[in-house]
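Please read the structure below before turning to the comments.
Just so it is clear: chains get the letters A, B, ... in the order the sequence lines come, proteins before strands, and each one is counted from 1.
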Number of protein chains: 2
Amino acid sequence: MDAMLDTEGKETSATHGAYRRLRAMILTGELPPGQKLKIEQLRGLLDTGASPVREALSLLTSDMLVERIDQRGFRAAPVSKCNFEEILLLRCNLEETALRASIANADSAWEDRLVLRHYHMKKAGQKGAHDFEDAHKAFHMALLDNARLPLLLRYCSQLYDLNIRYRYLAAGVSSYKKRDINAEHQEILDAALDRDAEGAKRHLLDHYRRTGEYLSSQMES
Amino acid sequence: MDAMLDTEGKETSATHGAYRRLRAMILTGELPPGQKLKIEQLRGLLDTGASPVREALSLLTSDMLVERIDQRGFRAAPVSKCNFEEILLLRCNLEETALRASIANADSAWEDRLVLRHYHMKKAGQKGAHDFEDAHKAFHMALLDNARLPLLLRYCSQLYDLNIRYRYLAAGVSSYKKRDINAEHQEILDAALDRDAEGAKRHLLDHYRRTGEYLSSQMES
DNA sequence: ATGTCAAATAATATCGATATTTTGAGGAGA
DNA sequence: TCTCCTCAAAATATCGATATTATTTGACAT
């Protein structure tokens, strides 16, 4: 009998809502690396109870976006060049494995999915849409998810998120899009559709390493 | 002024205590795969409040030992041959990377650590000590931790735990120790001390694959 | 006899409050 | 003047209770 105030009604549970919002704030840098995350402060910011905030922070700990310190609460995960380079290294390693397995399982349903994801990403990119990030991730995950290796996919997804956090922190998404990544994505897509594992892997890793060099160069802080 | 009842006093926080105990119960199979984990039931079992139990389950979700279902609570992660094989695959991939990086950074301090861990493991194994598992994991992690890649190490540790869960579920620890793993460990250690990356990797992966075949054969259920 | 709907039951998710721990400041002693 | 101890203030961790949500039971209609 609480008057059904949730007219927006998007979130199923307060915990999940807090999780998504905090996650977005950390990924975009709105909550800067290393910042102390006080329950009370966040409780006010998200206007919800302390329990959902606390549980959301716990969940973010698994994603390595939040660190828990002894009995002293939580803080946003710190960043470092070392950490960034490790993320890049692991992504190259794991995504190569996943991509090869995906291509090994290739079928026409997967090809259809790839083409669609790529199309949606291009469309979102042209409109400068807010959901380009989501479409971009969906395309990259679609490249990998035909491997049918859920643990591996989970790790790739985690590392992907950690990486775009660095992209946001370095310069925001705009400068990233200045480079012609359309051509790079097209190359990856074409190779995957040709079931050319070696070529797809090369294009994909080049794609990541190029972004990596760009970000690394901006990170002399 | 609560009379200082915690004479055992090992646990720093109720949450962490609940986490460790639940983790152990899931790894050993005391809480079988797929079982519904009701808060009330666990609250009684660990005699603590509902909040620590809830938070511990959240943390275990990150370790992929517990699954969260919609708004219907938690359950112990299910097992399958597929899942086991994926764990084995990822371990081989990730541990090879970590081991090579560890050896590339080799120094005498690391060698000392390795020798000590190996000695402790052997000692615990001879006595049939309860803490053989801990020593075994410590040795394997010591092989990898000189890579100084914390994310990678974390993944390896997670996968290690998921793997010993299958070992417990298949037969308990006893039958595993029947095989002569001492020789295998010695080969790995010697190759690592020789800074022979290729040999160490071969012995390590053989070690895992042999265990994997043994467990796979027992898993026609 | 069976399928469907509704009420009862059980479990979860959330809230408000308390107790414990940590942090910081200020004062006493060296 | 510096160090260490004590006390106050703030934040966290935990508990008990409530409201919300799912599940089951049972009755009724088909």
Side-chain angles (χ1 to χ4, degrees), chain A residues 1-23 25-26 31-32 34-62 65-78, chain B residues 1-23 25-26 31-32 34-62 65-78:
Chain A
M1 311 293 188
D2 201 65
M4 286 283 177
L5 294 174
D6 51 311
T7 51
E8 51 237 343
K10 338 193 221 178
E11 303 302 352
T12 70
S13 76
T15 295
H16 198 240
Y19 171 75
R20 299 219 321 180
R21 294 185 57 189
L22 285 175
R23 178 196 186 82
M25 286 198 281
I26 293 172
L31 290 173
Q35 171 154 326
K36 185 82 197 297
L37 301 175
K38 302 184 190 176
I39 307 268
E40 271 306 306
Q41 159 198 336
L42 298 176
R43 201 201 65 73
L45 199 64
L46 306 175
D47 86 307
T48 180
S51 303
V53 171
R54 195 178 172 71
E55 191 156 341
L57 289 172
S58 266
L59 293 173
L60 288 165
T61 297
S62 358
L65 290 170
V66 164
E67 282 187 356
R68 160 168 236 164
I69 26 188
D70 310 320
Q71 258 113 351
R72 256 162 289 176
F74 304 86
R75 73 171 164 209
Chain B
M1 312 294 190
D2 200 66
M4 285 282 178
L5 293 173
D6 52 312
T7 51
E8 50 238 340
K10 338 194 218 176
E11 303 302 350
T12 71
S13 77
T15 295
H16 198 242
Y19 171 74
R20 301 220 320 182
R21 293 185 57 191
L22 284 176
R23 178 194 186 80
M25 286 198 281
I26 293 172
L31 290 173
Q35 168 153 329
K36 186 81 197 299
L37 301 175
K38 302 184 190 175
I39 307 268
E40 271 306 306
Q41 160 197 338
L42 297 175
R43 201 202 63 74
L45 200 64
L46 306 174
D47 88 303
T48 179
S51 304
V53 170
R54 195 177 172 71
E55 192 157 341
L57 289 173
S58 266
L59 293 173
L60 288 166
T61 297
S62 0
L65 290 169
V66 164
E67 282 186 357
R68 159 168 238 167
I69 27 187
D70 311 319
Q71 259 112 353
R72 256 163 288 175
F74 303 86
R75 74 172 162 207

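Summarising the geometry, the separation between CD on B/E55 and C1' on C/dT12 is reported as 16 Å, rounded to the nearest angstrom. When the P atom of C/dT12 is taken as reference, atom CZ of B/R68 falls 11 Å away, rounded to whole Å. Going from atom CD1 of B/I69 over to atom C1' of D/dT21 covers 14 Å, rounded to whole Å.
At the phosphate of D/dT23, OP1 or OP2 sits under 4.0 Å from a side-chain N or O atom of B/R72. Phosphate proximity of D/dA13 to A/R54: present, with a side-chain N or O under 4.0 Å from OP1 or OP2.
Put simply, CZ on B/R21 and CG on B/L31 are 11.0 Å apart, with the number rounded to the nearest 0.5 Å. How far NZ of A/K36 is from CD of A/Q41: 9.0 Å, rounded to the nearest 0.5 Å.
Residue B/Q71 has its side chain nearest to D/dA22 when only D/dA22, D/dA13, C/dT14 are considered. Here the side chain of B/P52 is nearest to one of C/dT14, D/dC15, C/dT22, namely D/dC15. Across C/dA13, D/dA13, D/dT14, the shortest atom-to-atom separation from the side chain of B/T15 is found for D/dT14.
Looking at A/R43, its side chain does come within 3.5 Å of a backbone N or O of A/T48 through a donor-acceptor pair.
At a threshold of 4.5 Å between non-hydrogen side-chain atoms, the residues B/H16 and B/P52 do not count as touching. For the pair B/R23 and B/L65, the minimum side-chain heavy-atom distance is below 4.5 Å. The side-chain heavy atoms of B/L42 and B/L57, taken from C-beta on, include a pair separated by under 4.5 Å.
Of the residues in residues 36-51 of chain A, those placing a heavy atom less than 4.0 Å from an atom of DNA chain C are A/T48, A/G49, A/S51, in numerical order.
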